[in-house]
Chemist: 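The structure follows.
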Amino acid sequence: MNSPPDLSVVIPVFNRGKLVRHTLDSVRAASAGLSVETVLVDDGSEVPLADDLALLGLHADRLIRQENQGLLFARLAGLKYATGRSVLFLDSDDLVSRDKLRAHIEAHAAGADVAYSDTARQHLPADGPVGEPTHDLTLPETNDPADFFIKVQPAPHSPSFATEWLRTRVANALFAPSHLYNPVAEIWFYHICAPFAGRVVKCAGRAIIGEHAGGRLTNHWERLAVASLAVQEGFMRTCPKSVEGLRAGEYFSAKAFGSWRRLPRGFSEEFCRRQLALYLLNPCKPSVASLGGGIFGAAARVLGVVTAGRLFRLRNGSYESCRTVDDETFSSLMNALPPP
């Protein structure tokens with residue numbers, strides 16, 4: 001019997017059959033001399049991904065086609081069919097540096113449940129080879145799952161997971177996956193993992209965000225914000241009261257408050273109220289020092305945390321200056337949420 005590969009790279013694809021060639025080329029280059037499988041999940045593309053791959057002369061070790069269900073469910077399908085000892089999720093416009101896969105495999109072989117690395121950016125041309133990546137973000141080093149998944153909360157292509165560790169977390173998820181979470185699929189995974197023990201290791205290599213002319217979910221931050229609110233409210237309802245859960249709850253409370261503080265002036269009152277409630281109703285209150293800098297801390301000690309936060313929010317830009325969806329679209333997004 002053949003031994004399982006060391007790493008499964010799961011790549012959901014929806015209508016990006018030609019763009020994904022950059023991702024596959026990147027993975028192939030980084031897999032040289034390693035035991036790595038590629039698992040492509042065709043999430044109901046209008047042109048079947050198999051057809052595009054055939055035209056490009058590309059193939060995957062596993063190709064799964066399903067009706068369109070969205071990013072979260074495509075990743076879950078890939079996790080189900082992955083056979084590797086560890087698993088890395090890439091979007092169909094992500095790349096990896098040549099040393100990333102080896103570094104992650106070695107980290108998992110040494111006992112890591114989660115391995116992660118820094119990120120970069122790279123332009124993806126419509127035709128021809130890609131250029132050199134540019135440095136994007138150096139992530140802080142931590143070994144604590146609560147700190148990593150809630151505070152650091154990296155881009156989805158940064159971490160890899162020990163497959164059985166992640167499958168256990170998914171099988172016993174604090175709150176069930178939902179189509180509401182699709183725009184921020186990675187933070188559903190992060191929140192169901194945060195309140196549990198695990199060994200987190202930072203390693204070499206870089207995950208690379210591909211920049212291109214095609215559409216991206218990140219072009220509509222309101223969609224991401226509403227989906228993130230749904231995940232946060234699910235976590236708030238179900239976070240365990242264990243030692244790990246209380247620590248994750250404290251980090252979560254500070255993160256929720258910071259997200260509220262960054263919202264633009266004139267943004268939806270209902271959204272702002274629900275975002276702030278994640279801090280107000282959380283029994284795991286963080287220190288004032290973790291909510292802002294020295295000036296904010298001084299104001300909070302005199303005025304109270306929330307009043308100080310409202311004053312500091314006056315410095316934010318207006319919603320009209322950063323709006324990407326109309327009122328009707330935003331209302332439909334909010335109306336789809338369950339009651340808080």
Side-chain angles (χ1 to χ4, degrees), residues 3-12 27 34-41 43 61-62 64 66 69-91 94 96 100-101 103-117 139 142-178 181-182 184-203 205 207 231 234-235 238-240 242 244-245 248 251-252:
S3 60
D6 291 321
L7 176 68
S8 296
V9 179
V10 173
I11 309 169
V27 170
L34 303 176
S35 177
V36 175
E37 72 168 356
T38 52
V39 181
L40 267 63
V41 182
D43 190 38
D61 298 299
R62 293 173 181 271
I64 303 147
Q66 64 182 22
Q69 298 182 53
L71 182 55
L72 174 55
F73 291 89
R75 287 184 184 163
L76 289 171
L79 177 63
K80 176 182 177 181
Y81 288 100
T83 64
R85 296 184 179 92
S86 56
V87 60
L88 169 70
F89 297 107
L90 296 179
D91 287 341
D94 290 334
V96 294
K100 179 176 172 69
L101 302 189
H104 283 244
I105 288 171
E106 291 174 351
H108 289 296
D113 297 306
V114 182
Y116 71 103
S117 52
L139 298 173
T142 182
N143 302 115
D144 176 16
D147 183 20
F148 176 71
F149 289 118
I150 301 297
K151 287 182 66 179
V152 178
Q153 210 169 95
H157 51 272
S158 173
S160 59
F161 305 85
T163 304
E164 290 310 312
W165 184 86
L166 183 59
R167 282 176 173 159
T168 298
R169 299 277 61 84
V170 169
N172 300 280
L174 298 171
F175 53 106
S178 165
Y181 311 150
N182 274 323
V184 291
E186 67 277 5
I187 72 164
W188 178 79
F189 282 102
Y190 293 172
H191 281 76
I192 67 167
C193 291
F196 297 98
R199 185 183 175 200
V200 180
V201 175
K202 186 177 183 183
C203 59
V231 171
F235 179 80
T238 57
C239 184
S242 61
E244 293 90 352
Y251 291 145
F252 171 81

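Position 1 is the first residue of the sequence, and the numbers go up from there. Nothing here was measured: the structure is a model prediction, and the numbers come from that model.
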Chemist: Taking all heavy atoms of Ile187 and all of Val231, pick out the closest pair and write down the distance.
Modeler: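 Between these two residues, the closest heavy atoms are O-CG1, 3.8 Å.
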Chemist: Out of curiosity, Leu88 CG to Phe161 CZ, how far, rounded to the nearest 0.5 Å?
Modeler: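 Spacing of CG (Leu88) from CZ (Phe161) equals 9.0 Å.
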Chemist: Calculate, to the nearest 0.5 Å, the distance between atoms CG and CD1 belonging to Leu174 and Ile192 respectively.
Modeler: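 The CD1 atom of Ile192 is 7.0 Å from CG of Leu174, to the nearest 0.5 Å.
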Chemist: Are the side chain of Ser8 and the backbone of Gly84 linked by a donor-acceptor contact shorter than 3.5 Å?
Modeler: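 The answer is yes, because a donor-acceptor pair under 3.5 Å joins these two groups.
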Chemist: Scan Tyr181, Phe175, Phe149, Phe235 and name whichever one has a ring pair (Phe, Tyr, Trp, His ring centres under 6.0 Å) with His191.
Modeler: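 Passing option: Phe235.
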Chemist: Counting only N and O atoms by type, is there a donor-acceptor contact under 3.5 Å from the side chain of Ser117 to the main-chain atoms of Cys203?
Modeler: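 Judged by distance alone, no pair lies under 3.5 Å.
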Chemist: With a distance cut-off below 6.0 Å to the six-membered ring centre and an angular limit of 45° from the axis, does Arg75 pair with Phe189 as a cation-pi contact?
Modeler: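 No; the conditions do not both hold, so Arg75 does not lie above the ring face of Phe189.
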Chemist: Between the main-chain N or O of Ala162 and the side-chain N or O of Asp113, is there a donor-acceptor pair closer than 3.5 Å?
Modeler: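 Such a contact is absent between Asp113 side chain and Ala162 backbone.
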Chemist: Please confirm whether the backbone N or O of Ala82 pairs with a side-chain atom of Arg62, one donor and one acceptor, at under 3.5 Å?
Modeler: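 No; zero donor-acceptor contacts below 3.5 Å.
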Chemist: Output the distance between atom CG (Leu34) and atom CG (Leu7), rounded to the nearest 0.5 Å.
Modeler: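 Rounded to the nearest 0.5 Å, the CG-CG separation comes to 8.5 Å.
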Chemist: Out of Val96, Leu90, Val39, which residue meets the side-chain contact (heavy atoms from CB on, under 4.5 Å) rule with Val9?
Modeler: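 Only one of Val96, Leu90, Val39 forms a side-chain contact (heavy atoms from CB on, under 4.5 Å) with Val9, namely Leu90.
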Chemist: Looking only at heavy atoms, which two atoms of Leu139 and Lys202 are closest? And how far apart?
Modeler: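 Scanning both residues, the minimum pair turns out to be O-NZ, 2.5 Å.
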Chemist: Looking at every heavy atom in both Arg85 and Ser3, which two are closest together, and how far apart are they?
Modeler: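 Of all heavy-atom pairs spanning Arg85 and Ser3, the closest is NH2-CB, 4.0 Å.
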Chemist: Compare every heavy atom of Val114 with every heavy atom of Pro159, then report the nearest pair and how far apart it is.
Modeler: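 For Pro159 versus Val114, the nearest heavy atoms are CB-CG1, 4.1 Å.
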Chemist: Locate the shortest heavy-atom distance separating Pro195 from Glu244; write the atom from each residue and the value.
Modeler: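 Where Pro195 meets Glu244 most closely, the heavy atoms are O-CB, 3.2 Å.
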Chemist: Any idea which heavy atoms bring Tyr81 and Glu37 closest together, and the distance?
Modeler: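 Between these two residues, the closest heavy atoms are O-OE2, 4.5 Å.
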Chemist: Does the Asn182 side chain pair with the main chain of Gln69, one donor and one acceptor, at a distance under 3.5 Å?
Modeler: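 Yes; judged by distance alone, with no hydrogens or angles, the pair exists.
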Chemist: If we ignore hydrogens and angles and just use 3.5 Å, is the side chain of Gln66 paired with the main-chain N or O of Ala77 as donor and acceptor?
Modeler: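 No, the answer is negative, given that no donor and acceptor are paired below the 3.5 Å cut-off.
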Chemist: Any luck finding a side-chain donor-acceptor pair between His104 and Ser86 under 3.5 Å?
Modeler: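 Side chains of His104 and Ser86: no pair found under 3.5 Å.
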